[in-house]
Q: 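Structure incoming, see below.
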Amino acid sequence: MIAKSAYRVMGLAFLVTLLIFLFPRTSLSQRTVPDDTVRLHDGSACEVSQTTTDNSSLSLQYSRFITQETGTTKAIDRQIRDIVYTMITALGHRVTLTCRVSEDYATLRMQIGVADREASDRPLINARIYQSGIPKEEYLGLVASSTATATIDLQDPNSASPDQIALEMECQSAINKYQHCVMEVMEATLLTRATQS
């Protein structure tokens, strides 16, 4: 009788050891340290808005903000670029991505551009990056094959709310059938302090 109990205890101990081996503690515990780099929408609370700039009668139905799948590419400035987001809006309209970034991140790196294939539509795009509601970077007159890069300090002591970021695209001109502009975001990466050193 004692021998049977000993075998049961040993069997139970083996089973517990096996479960610990198969399911290590790291997979059962909660992650408390943020990733060193993430996409903007993964490290922020974001919202997309659309507005008109000239009271035009064109519908906002052509305004879109698309989060692209990993591996999406387009030719921009005669180079194949990975695309994070695609922003589309009608002539005379704006589309804006507004985010409150987690305090875990210190820097936002952003790169925007207009695809080479948009050349026949002759888009003319104004893009702005706002911090705390104030324009921080402004790129006026973006056309096909153009790019722009920005690095934003998310802990800027001169900004009232440095974690409040917005990317705005305004369609100034386009001659395509639907009279809309398309802008690509090739990078929108949040970095912790550790990744900057």
Side-chain angles (χ1 to χ4, degrees), residues 26-27 29-53 60 62-74 76-77 81-90 92-115 123 125-142 146-172 181-197:
T26 54
S27 67
S29 64
Q30 263 192 326
R31 183 181 182 93
T32 56
V33 177
D35 291 334
D36 288 340
T37 61
V38 298
R39 284 181 171 188
L40 178 61
H41 66 272
D42 291 329
S44 309
C46 297
E47 181 178 311
V48 175
S49 60
Q50 305 156 5
T51 56
T52 182
T53 58
L60 285 175
Y62 295 115
S63 292
R64 300 277 185 274
F65 183 88
I66 303 164
T67 301
Q68 297 290 2
E69 297 294 323
T70 302
T72 301
T73 59
K74 290 188 182 171
I76 300 176
D77 193 25
R81 308 286 187 108
D82 291 323
I83 304 301
V84 180
Y85 309 119
T86 298
M87 300 175 80
I88 305 168
T89 196
H93 289 75
R94 292 186 185 111
V95 62
T96 307
L97 173 69
T98 305
C99 300
R100 184 179 64 235
V101 180
S102 165
E103 63 187 29
D104 296 327
Y105 299 99
T107 304
L108 169 64
R109 275 195 327 230
M110 189 164 281
Q111 186 176 34
I112 59 175
V114 183
I125 297 170
N126 292 339
R128 294 174 186 87
I129 300 171
Y130 293 85
Q131 184 173 36
S132 191
I134 299 166
K136 187 80 171 178
E137 300 288 338
E138 191 171 52
Y139 308 100
L140 304 179
L142 293 174
S146 58
T147 63
T149 303
T151 301
I152 306 294
D153 179 2
L154 297 172
Q155 298 178 343
D156 181 354
N158 298 318
S159 179
S161 301
D163 61 336
Q164 298 283 339
I165 298 294
L167 171 61
E168 178 183 83
M169 170 210 174
E170 178 183 353
C171 184
Q172 289 290 303
C181 297
V182 180
M183 186 176 79
E184 308 297 344
V185 180
M186 292 89 79
E187 182 180 24
T189 305
L190 294 169
L191 304 134
T192 62
R193 277 196 200 93
T195 48
Q196 297 177 349
S197 6

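Here, residue 1 is the first one in the sequence, and each next residue gets the next number.
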Q: Is there a side-chain contact between Thr149 and Met110 (heavy atoms, below 4.5 Å)?
A: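 They are not in side-chain contact.
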
Q: Report yes if the side chains of Leu191 and Arg109 come closer than 4.5 Å at any heavy-atom pair, otherwise no.
A: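 Yes; the side chains approach each other to less than 4.5 Å.
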
Q: May I ask you to decide if Thr192's main-chain N or O and Asp104's side chain share a donor-acceptor pair within less than 3.5 Å?
A: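 Here the side-chain-to-backbone pair does not exist.
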
Q: Under 3.5 Å, side chain of Thr96 to main-chain N/O of Glu168, donor-acceptor pair present?
A: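 No, because the side chain of Thr96 does not come within donor-acceptor range (under 3.5 Å) of the backbone of Glu168.
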
Q: Do Val114 and Pro123 have side-chain heavy atoms sitting under 4.5 Å apart?
A: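 Sidechains of Pro123 and Val114: in contact.
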
Q: When you compare the side chains of Gln68 and Thr86, does any donor N or O come within less than 3.5 Å of an acceptor on the partner?
A: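 Yes.
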
Q: Any Lys/Arg nitrogen of Asp82 or Lys74 sitting under 4.0 Å from an Asp/Glu carboxylate oxygen of the other?
A: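 Salt bridge absent between Asp82 and Lys74.
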
Q: Going by heavy atoms in the side chains, are Ser44 and Leu190 under 4.5 Å from each other?
A: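 Result yes, sub-4.5 Å side-chain heavy-atom pair found.
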
Q: For Pro162, does its backbone N or O pair with a side-chain atom of Gln131 as donor and acceptor, under 3.5 Å?
A: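 Yes; at least one donor-acceptor contact below 3.5 Å.
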
Q: Would you mind reporting whether Asp156 and Lys136 have side-chain heavy atoms less than 4.5 Å apart?
A: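 The answer is yes, as the side chains (C-beta and beyond) meet within the 4.5 Å cut-off.
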
Q: Between Arg39 and Glu187, is the closest basic N to carboxylate O distance under 4.0 Å?
A: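 No, Glu187 and Arg39 are not salt-bridged.
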
Q: So do Met183 and Leu142 actually touch side chain to side chain, heavy atoms under 4.5 Å?
A: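 Yes, at least one pair of side-chain atoms sits under 4.5 Å.
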
Q: Between atom CE of Met186 and atom OG1 of Thr147, what is the distance when rounded to the nearest 0.5 Å?
A: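 Answer rounded to 0.5 Å: 5.5 Å.
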
Q: Does atom CD (Glu103) have a neighbourhood of more than 12 heavy atoms from anything else shown, all under 6.0 Å?
A: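 No, the 6.0 Å shell around CD holds no more than 12 heavy atoms from other groups.
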
Q: Find out whether Ile76 and Glu184 are in side-chain contact, i.e. whether some heavy atom of one side chain is under 4.5 Å from a heavy atom of the other.
A: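 They are in side-chain contact.
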
